[in-house]
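The structure follows.
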Protein chains: 2
Amino acid sequence: MYEQLTKYITDRVPLDEAGLQQVLSRFNLLKAKKNELVGRTGEPSRRMFFVNRGCLRVYFIKADGREATRRFAFENAFSTSLTSFIDGSLLKEDTQAVEASELLYIHREDFYSLLHTIPGWEVFYRGFLEHAYISNTRRLEDFITLTPRERYQLLLKENPQMVLRLPNKLVANYLNITQEALSRIKSVM
Amino acid sequence: MYEQLTKYITDRVPLDEAGLQQVLSRFNLLKAKKNELVGRTGEPSRRMFFVNRGCLRVYFIKADGREATRRFAFENAFSTSLTSFIDGSLLKEDTQAVEASELLYIHREDFYSLLHTIPGWEVFYRGFLEHAYISNTRRLEDFITLTPRERYQLLLKENPQMVLRLPNKLVANYLNITQEALSRIKSVM
DNA sequence: GTAATTATTTGATCAGGATCAATGATATCA
DNA sequence: TGATATCATTGATCCTGATCAAATAATTAC
């Protein structure tokens with residue numbers, strides 16, 4: 001159950017066996033059904049998820065009532081609604097299991113307490129933050145510099161499983177275009 | 001010379017006097033002329049700047065040769081090309097003094113060595129990363145959810161000095177619209 | 001397994017912002 | 001200060017992707 005998570009952590013930061021066990025012990029298992037929400041806007045619960053199996057989608061609701069997808073997380077990736085996880089505020093985003101998923105989660109309080117008790121955990125979190133910042137910057141840059149068609153082609157090239165595995169509707173939403181537009185882009189490729 | 005920087009740091013993280021002095025001693029003064037570049041794409045030099053006076057602009061060059069503005073930093077703000085600062089890669093952005101500016105800078109190597117030697121510095125950097133992530137996320141959200149007109153109105157409301165102090169051309173560039181479009185938006189307000 | 005819902009495709013129309021062009025206003029610098 | 005370059009405004013046109021609509025395909029749920 002902790003196999004994938006153990007590999008993920010030890011690949012990134014050196015932890016002694018005791019420290020690793022202390023970290024792992026704070027993670028709990030959660031099986032989510034397809035389309036189940038494991039985090040809801042307005043809730044105080046702030047958890048960080050690790051995806052053992054399945055796929056998570058973080059999205060928020062726009063002023064016009066429509067959804068906007070922030071990101072997807074597939075197997076062996078962490079996912080959380082980071083802005084709330086950082087400052088402890090109420091969730092501003094939903095987190096949805098797009099497929100039936102097996103998740104490990106850690107509560108925010110436990111996560112932060114590990115920062116003080118496990119020397120290497122601070123380094124792990126810093127790396128996580130740095131990576132999250134870089135991803136976000138890259139995504140913003142893509143929106144600024146690329147057309148919808150180019151964004152789709154880039155996604156297909158760099159993250160083909162997202163296109164192959166997810167329904168068009170969600171891919172379009174992630175690209176911030178309508179599904180009609182995505183359908184037309186694909187038909188003319 | 002270190003007055004503003006001292007206040008900035010001590011407002012955010014508790015440092016003893018010795019630690020504070022050790023941090024400050026790594027910062028150097030740099031006076032930049034208007035339009036001078038203090039960081040250039042492709043350069044290995046990675047510095048973090050603190051703006052005592054003036055204004056910095058971070059931008060990158062798009063595939064079509066045009067500029068795209070990442071952010072501005074006015075007085076009492078830190079600014080760096082963070083993606084390169086994080087991983088030590090060559091600069092992928094220019095940093096320009098939009099006005100004649102007085103800057104304090106610290107080299108990446110010095111910054112990172114402080115992480116190991118000054119207990120509070122790790123916390124300072126974590127806070128910096130968290131804040132950078134939140135800003136970036138917010139900006140991405142604005143691009144996804146708002147029209148150019150709405151983005152301008154929001155900027156005017158939340159950051160009026162940016163609109164008042166900077167030339168239209170740069171404001172338009174930051175909003176990712178042409179200066180013609182910004183001119184028309186302003187005329188119809 | 002069938003009904004009902006949801007997703008996808010295709011067509012027609014519309015609107016907002018880009019582009020190109022020209023003129024007027026500011027800044028810059030020798 | 002005057003000459004030059006840069007910036008800002010306004011007009012005309014174009015193009016991309018949104019929107020609305022309808023038909024079909026694919027899932028889901030009972």
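Lettering of chains follows the sequences in order, A, B, ..., and the numbering in each one begins at 1.
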Open item on the list: What is the distance, to the nearest angstrom, from the CZ atom on Arg165(A) to the C1' atom on dA7(C)?
Closed with: 19 Å
Open item on the list: Both Lys169(A) and Pro148(B) contact DNA chain C. Which one's nearest nucleotide lies toward the 5' end?
Closed with: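 It is Lys169(A), whose closest nucleotide lies nearer the 5' terminus.
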Open item on the list: Just the rounded figure in Å: distance from P of dT6(D) to CG of Asn173(B).
Closed with: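 Roughly 17 Å, once rounded to whole Å.
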TODO: State which of dT8(C), dA18(C), dT19(D) makes the closest approach to the side chain of Asn168(A).
DONE: dT8(C)
Open item on the list: From CG of Asn35(A) over to C1' of dT27(D), roughly how many Å is that when rounded to an integer?
Closed with: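 After rounding, the reported distance stands at 11 Å.
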Task: Phosphate-side-chain proximity, Ser183(B) and dA8(D), N/O vs OP1/OP2 below 4.0 Å - done: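 Checking Ser183(B) against dA8(D): no side-chain N or O falls below 4.0 Å of OP1 or OP2.
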Open item on the list: Between Phe50(A) and Tyr8(A) (judged by ring centroids, cut-off 6.0 Å), do the two rings come close enough to count as a pair?
Closed with: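 Ring-ring flag for Phe50(A)/Tyr8(A): true, centres closer than 6.0 Å.
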TODO: Grab the CG-P distance between Leu166(A) and dT8(C) for me, whole Å please.
DONE: 11 Å
Open item on the list: Nearest to the side chain of Lys34(B), heavy atoms from C-beta on, is which of dT8(C), dT28(C), dT10(D)?
Closed with: dT28(C)
Open item on the list: Check this for me: does the side-chain of Arg184(A) come within 3.5 Å of the base of dT19(D) through a donor and an acceptor?
Closed with: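 Present.
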Task: Approximate separation, where rounding is to 0.5 Å, of Gln21(A) CD and Ile118(A) CD1 - done: 10.5 Å
- [ ] In whole angstrom, give the distance that lies between atom CD1 of Ile185(A) and atom C1' of dT8(C).
- [x]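 Value for this atom pair: 15 Å.
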Open item on the list: Tell me whether the side-chain N/O atoms of Arg66(A) come closer than 4.0 Å to OP1 or OP2 in dT19(D).
Closed with: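 So the side-chain polar atoms of Arg66(A) do come within 4.0 Å of the phosphate oxygens OP1 or OP2 of dT19(D), strictly under.
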Task: Row check, Tyr174(A) ring normal vs Arg139(A) NZ/CZ: under 6.0 Å, within 45° - done: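 Geometry flag: set, cation within 6.0 Å and 45°.
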Task: Thr147(B) side-chain proximity, nearest of dT19(D), dG17(C), dT19(C) - done: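 For the Thr147(B) side chain, the nearest candidate turns out to be dG17(C).
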TODO: Rounded off to whole Å, could you give me the CZ-to-P distance for the Arg151(B) and dG16(C) pair?
DONE: 14 Å
Open item on the list: We want to know whether Ser113(B) and Arg26(B) form a side-chain donor-acceptor pair, criterion being a heavy-atom distance below 3.5 angstrom.
Closed with: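 Yes, Arg26(B) and Ser113(B) have a side-chain donor paired with an acceptor closer than 3.5 Å.
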Open item on the list: Base, sugar-phosphate or nothing for Asn176(A)? Non-hydrogen atoms, less than 4.0 Å.
Closed with: sugar-phosphate
- [ ] Measure the distance from CG on Leu175(B) to P on dG16(C) and round it to the nearest whole Å.
- [x] 18 Å
TODO: Look at the side chain of Glu180(A) and decide which nucleotide, out of dA7(C), dT10(C), dT10(D), has an atom nearest to it.
DONE: dT10(C)
Open item on the list: Checking contacts here: which listed nucleotide (dA8(D), dT19(D), dA18(C)) is nearest the side-chain heavy atoms of Gln179(B)?
Closed with: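 The closest nucleotide is dA8(D).
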TODO: Please report, rounded to the nearest Å, how far the P atom of dT6(D) is from the CG atom of Leu170(B).
DONE: 14 Å
Open item on the list: Would you say Asn168(A) and Gln179(A) are linked by a side-chain donor-acceptor pair, where the criterion is simply a distance under 3.5 Å?
Closed with: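 The criterion, which ignores hydrogens and geometry beyond distance, is not satisfied for Asn168(A) and Gln179(A).
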